[in-house]
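Taking it in order: structure first as C-alpha cells, then the write-up.
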Amino acid sequence: MRLEYTERQKQFRAEVREWLAANVPKEPLASFDTQEGFEQHRAWERKLSEQGFSAVTWPKELGGRGCDLIEWLIFEEEYWAAGAPLRVNQNGVFLLAPTLMEYGTPEQKARFLPRMARADDIWAQGWSEPGAGSDMAAIRCKAIRRNGCYVINGQKIWSTRAVWADWLFGLFRSDPESQRHHGLTFLLVPLDAPGITIRPIKQLNGLTGFAEIFFDDVEVPVANRVGDEGAGWAIAMAPPASNAA
Ligand SMILES: Cc1cc2nc3c(=O)[nH]c(=O)nc-3n(C[C@H](O)[C@H](O)[C@H](O)COP(=O)(O)OP(=O)(O)OC[C@H]3O[C@@H](n4cnc5c(N)ncnc54)[C@H](O)[C@@H]3O)c2cc1C
C-alpha cells in the first residue's frame, strides 16, 4: 500500500497554504469574548467563505468546498499551522450543521446553511439550564405548540457567546407532562425574537463569554423545528452520520 497524497491533494494543500499566508491577519484578532473581537472573527469567517473555506466539506451549493475527509484534514493541518484565528461559528459549522444535514428539511438546509457558511448567522447553543447541567434530561424550559408556533417560556444558561450571536439551537420541553429525555423538541430560535432577554455572565477574566437567556412567551414558528416534535433528545445525541459537515 502506498500512503502518499495524490496530485490533487497536494495542489489543494498548496492552494490553502498560499491563501492563508496571504490572508491570515498579521496581528491577532481581539478575543471573540468581546463585541469587537466577535465582529472581527465574523469578518474573518466571511473572508474564509469567499474561498469555500469556512465549511470545506459542505457541498458547493451550500457554501462549502465539497472536500472529502483527507482534504478536510489537509485544510485543518494548514489552518492551524498558519496560526489562523479561532472559529467563532464553530457551534454552527461543526455542531448544528451536521444535525441539519442529517435531520433538516431541504428548506431548512437552504435557509440556514449558506447564511451560516458566510457567518451572516452565528449560532449559540441552548442546552444547559439552572438544574439541568450535567443532567441535561432535566430540561424544563417549555415550548408549547400554539397556532403554528412554539411558545417558549423558561431559561437557559452558560450559552457561549450568546451575547452577540444571532441564533440559538437547543432542546425545549414541548410536552409539559413528559419526563427526562421524552417530550423534548429541537428548535432553532432567533435571538432577536420579542420576549428574549440575554444577560451576560462575567467570567473571572472580566469578559462576558457566557450568557443567561430568559424566554418570556417567545414565539418560534413550527418551521424552525428540526425533526419530529418530541424527538429532540435522539437528534441532539445522534452523532453526525455523514462527513458532509
Ligand atoms: C467552556 C464551556 C462552554 C459551555 N458552553 C455551553 C453552551 O454554549 N451552551 C450550553 O447550553 N451549555 C454550555 N456549557 C455548560 C455545560 O454544557 C454543562 O452544562 C455545565 O458545565 C455543567 O453543568 P453545571 O455547571 O450546572 O454543573 P452540574 O451539572 O451542577 O455539576 C456540578 C458538579 O457536580 C458533578 N456531578 C454532576 N452530576 C454528578 C453525578 N451524578 N455524580 C457525580 N458527580 C456529579 C459534576 O461533575 C460537577 O463537578 C459550557 C460549559 C463550559 C465549561
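For ligands, and for the atoms within them, numbers begin at 1 and follow the listed sequence. Just so you know, these numbers use all the heavy atoms, side chains as well, and skip hydrogens, waters and symmetry mates.
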Problem - Exercise check, heavy-atom protein proximity under 4.0 Å to atom 42 (N) of ligand 1 - result: no
Judged by heavy atoms only, the candidate from W123, F169, F210, W158 nearest atom 25 (O) of ligand 1 is W158
Flag: protein heavy atom within less than 4.0 Å of atom 29 (O) of ligand 1
yes
message: Would D135 count as being in polar contact with ligand 1, using the rule that some N or O on each side must be under 3.5 angstrom apart?
response: no
Practice prompt. Determine if the distance from atom 33 (C) of ligand 1 to the closest protein heavy atom is below 4.0 Å.
Written response: no
query: Can you find a protein heavy atom under 4.0 Å from atom 5 (N) of ligand 1?
result: yes
- What is the ring orientation for W233 with H181, classed by angle as parallel under 30°, tilted 30 to 60°, or perpendicular over 60°? tilted
Kindly confirm or rule out a cation-pi arrangement of R161 over F32, judged by NZ or CZ under 6.0 Å from the six-membered ring centre and within 45° of its axis?
yes
Open item on the list: Any protein heavy-atom neighbour for atom 22 (C) of ligand 1 (distance below 4.0 angstrom)?
Closed with: yes
Taking the basic N atoms (NZ, or NE/NH1/NH2) and the acidic carboxylate oxygens, is any pair closer than 4.0 Å for E15 and R65? yes
Neighbour count >12 (heavy atoms, 6.0 Å) for atom NZ, K47: no
Is there at least one pair of N or O atoms, one from N91 and one from ligand 1, spaced under 3.5 Å apart? no
Counting from 1 in the order shown, the ligand 1 atoms closer than 4.0 Å to a non-hydrogen atom of S159 are 7 (C), 8 (O), 9 (N)
Assert yes or no for the condition that the ring centre distance of F172 to F215 is strictly below 6.0 Å.
yes
Nearest non-hydrogen protein atom to atom 31 (O) of ligand 1, with distance, is S134 OG, 3.5 Å
>> With the threshold set strictly below 4.0 angstrom, can you tell me whether any protein non-hydrogen atom sits that near atom 53 (C) of ligand 1?
In response: no
Using a strict cut-off of less than 4.0 Å between a Lys/Arg side-chain nitrogen and an Asp/Glu carboxylate oxygen, indicate whether R42 and E45 qualify as a salt bridge.
no
Discussion item. Strictly inside 4.0 angstrom of atom 15 (C) of ligand 1, do you find any protein heavy atom?
Written reply: yes
Notebook entry, point to check: Can you say whether the rings of F169 and F186 are parallel (under 30°), tilted (30 to 60°) or perpendicular (over 60°)?
Noted result: parallel
**Study point:** Axial cation check for Y5 ring with R13, 6.0 Å and 45° limits
**Key:** yes
for atom 26 (O) of ligand 1, nearest protein heavy atom and its distance come out as G133 CA, 3.6 Å
Please report whether atom 9 (N) of ligand 1 has a protein non-hydrogen atom at a separation of less than 4.0 Å. yes
- Query: For the residue pair F38 and W164, does the interplanar ring angle fall in the parallel (under 30°), tilted (30 to 60°) or perpendicular (over 60°) class?
  - Reply: tilted
Flag for E76-W72: side-chain donor and acceptor within less than 3.5 Å: yes
Check: So is there a nitrogen or oxygen of T160 less than 3.5 Å from a nitrogen or oxygen in ligand 1?
Finding: yes
Of all protein heavy atoms, the one nearest atom 17 (O) of ligand 1 is S128 OG, 3.5 Å
